[in-house]
Amino acid sequence: MDDREYTREELASLLAFYADSGLDFPIGDANADRFDAPKPEKKDTPTAPTASSATNSAPRQPTPQQQSKAVPDDEAIRLAETAAAAARTLEELYAAVHSFDACALKRTARTTVFESGARGASLMVIMQAPTREDDGAGAGFQGPSGILLQAMLNAIGLDRDRDCYGGYCVPWRTPGDQPPNPRHMAIYRPFLDRQIELAKPKMILSMVGDGAARFLFQSNKGLVGLRGEVRNLKGVRAVVTFAPSFLLNEPLQKRNAWSDLKMLRTALDRVN
């Protein structure tokens, strides 16, 4: 872990993750050579979005969504492809996503949550949709899921806000936090693909549900079948594991998630 100060909730979540994962040894400075991971330099959190930082570092103020008009799926996908291809930077892509008005999910969400973490990070984390807390804050990695994600990344020597960059299968909260359906993911997919291209991560950590995993990797295998080996997503090496929201309800699966994280750490060390 880095040397920043942690909140009581973050420390409790980290200890719980260790315990649920079956760890019987600490991971700290004395074990740093286990992963050979360099310590990131401590940087002040910027007060406004910059070209090198995502919206989580300085959350944009939540703004009411515009009411989108009903658009046939095929046309919505075509519009998304055109808008995504025209974006030359992540900032331009953010603007294109924010103004995109051809997906019905946007009508029910309070905000568009395009990205989280730090642009330029070696690791990109992909989740399936913003949570209720994300939607309310207008930024990702919020609430209990965000705290657990921090604990999971801390366990392999990474910081959620400085060492990873976050994206979503859809950038709008789904009604009742249900998994996004294939139609909505297909409409948004051109934006996510372009986001990966522009972010240029060295590794991807997929933390989505079963259906989203099948869609993301265009595979007949579900989440369980996709775990256990390094995959390929848009030309980037990818590791598949459980979403933090799932692990909060199924803590016994943290043991399997810990195996995935160790595989991620090893793969990251090889590409860095």
Side-chain angles (χ1 to χ4, degrees), residues 54-56 59-60 62-77 79-81 83-84 93-94 96-117 124-149 165-196 204-219 222-223 226 233 240-250 253:
T55 54
N56 190 69
R60 302 172 190 264
T63 55
Q65 300 281 18
Q66 295 179 352
Q67 290 298 309
S68 58
K69 300 177 182 178
V71 177
D73 292 347
D74 289 345
E75 182 181 350
I77 292 172
L79 290 171
E81 289 173 342
L93 188 63
Y94 165 80
V97 170
H98 190 72
S99 62
F100 186 71
D101 204 33
C103 182
L105 272 182
K106 190 175 183 181
R107 291 200 295 266
T108 59
R110 182 182 177 193
T111 57
T112 297
V113 185
F114 169 66
E115 59 185 1
S116 304
M124 182 173 183
V125 177
I126 297 179
M127 297 188 181
Q128 61 183 17
T131 64
R132 177 174 59 84
E133 291 83 5
D134 297 337
D135 186 46
F141 300 164
Q142 305 295 307
S145 292
I147 292 174
L148 179 55
L149 175 63
Y165 174 69
Y168 298 88
C169 292
V170 293
W172 305 286
R173 182 195 176 198
T174 58
D177 290 328
Q178 294 298 308
N181 66 45
R183 282 193 311 111
H184 297 146
M185 290 189 289
I187 291 171
Y188 188 72
R189 183 64 185 261
F191 290 114
L192 177 59
D193 287 347
R194 187 62 174 149
Q195 188 176 10
I196 295 172
I204 289 174
L205 178 61
S206 170
M207 306 184 83
V208 302
D210 190 71
R214 293 174 189 269
F215 180 86
L216 195 59
F217 289 90
Q218 296 294 287
S219 172
L223 175 61
L226 288 167
L233 183 60
V240 178
T241 193
F242 303 99
S245 57
F246 174 81
L247 293 174
L248 288 170
N249 294 319
E250 300 289 342
Q253 291 293 344

Residues forming a side-chain hydrogen bond (donor to acceptor under 3.5 Å, both in side chains) with Thr131, sequence neighbours excluded: Glu133, Asp134

side-chain hydrogen bond (donor to acceptor under 3.5 Å, both in side chains) partners of Glu250, counting only residues at least two apart: none

Holding to side-chain hydrogen bond (donor to acceptor under 3.5 Å, both in side chains), I want the full list of residues that pass it with Glu81, two or more places apart in sequence or in another chain. none

Rounding to 0.5 Å, atoms OG (Ser219) and CG (Leu226) come to a distance of 4.5 Å

Leu248 versus Ser145: any side-chain heavy-atom pair under 4.5 Å? yes

Could you pull out the closest heavy-atom pair between Val113 and Ala139, with the gap in Å? CG1-C, 3.7 Å

Those residues at least two apart in sequence (or on a different chain) that pass ring pair (Phe, Tyr, Trp, His ring centres under 6.0 Å) with Tyr188 are Trp172, Phe191

What heavy-atom pair brings Tyr165 and Phe114 nearest, and what distance separates the two atoms? OH-CE2, 4.0 Å

Test item: Lys106 side-chain N/O and His98 main-chain N/O as donor-acceptor pair under 3.5 Å: yes

Quick one, Leu216 and Leu192 - any side-chain contact, counting heavy atoms below 4.5 Å? yes

With heavy-atom distances below 4.5 Å as the criterion, would you say the side chains of Ser245 and Met127 are in contact? no

Pairing residues for Phe215 by the ring pair (Phe, Tyr, Trp, His ring centres under 6.0 Å) criterion, not counting sequence neighbours: none

side-chain hydrogen bond (donor to acceptor under 3.5 Å, both in side chains) filter on Arg183, not counting sequence neighbours, yields Asp73

Checking the side chain of Gln128 only, and the main-chain atoms of Gly211 only, is there a donor and an acceptor separated by less than 3.5 Å? no

Minimum heavy-atom distance between Cys103 and His184, given as atom pair plus value: SG-CD2, 3.9 Å

Do any N or O atoms from the side chain of Arg110 and from the backbone of Gly136 form a donor-acceptor pair under 3.5 angstrom? yes

Nearest 0.5 angstrom please: Arg189 CZ to Arg194 CZ, how far? 15.0 Å

Looking at Ser206 and Ile126, would you say the former's side chain and the latter's main chain have a donor-acceptor pair under 3.5 Å? no

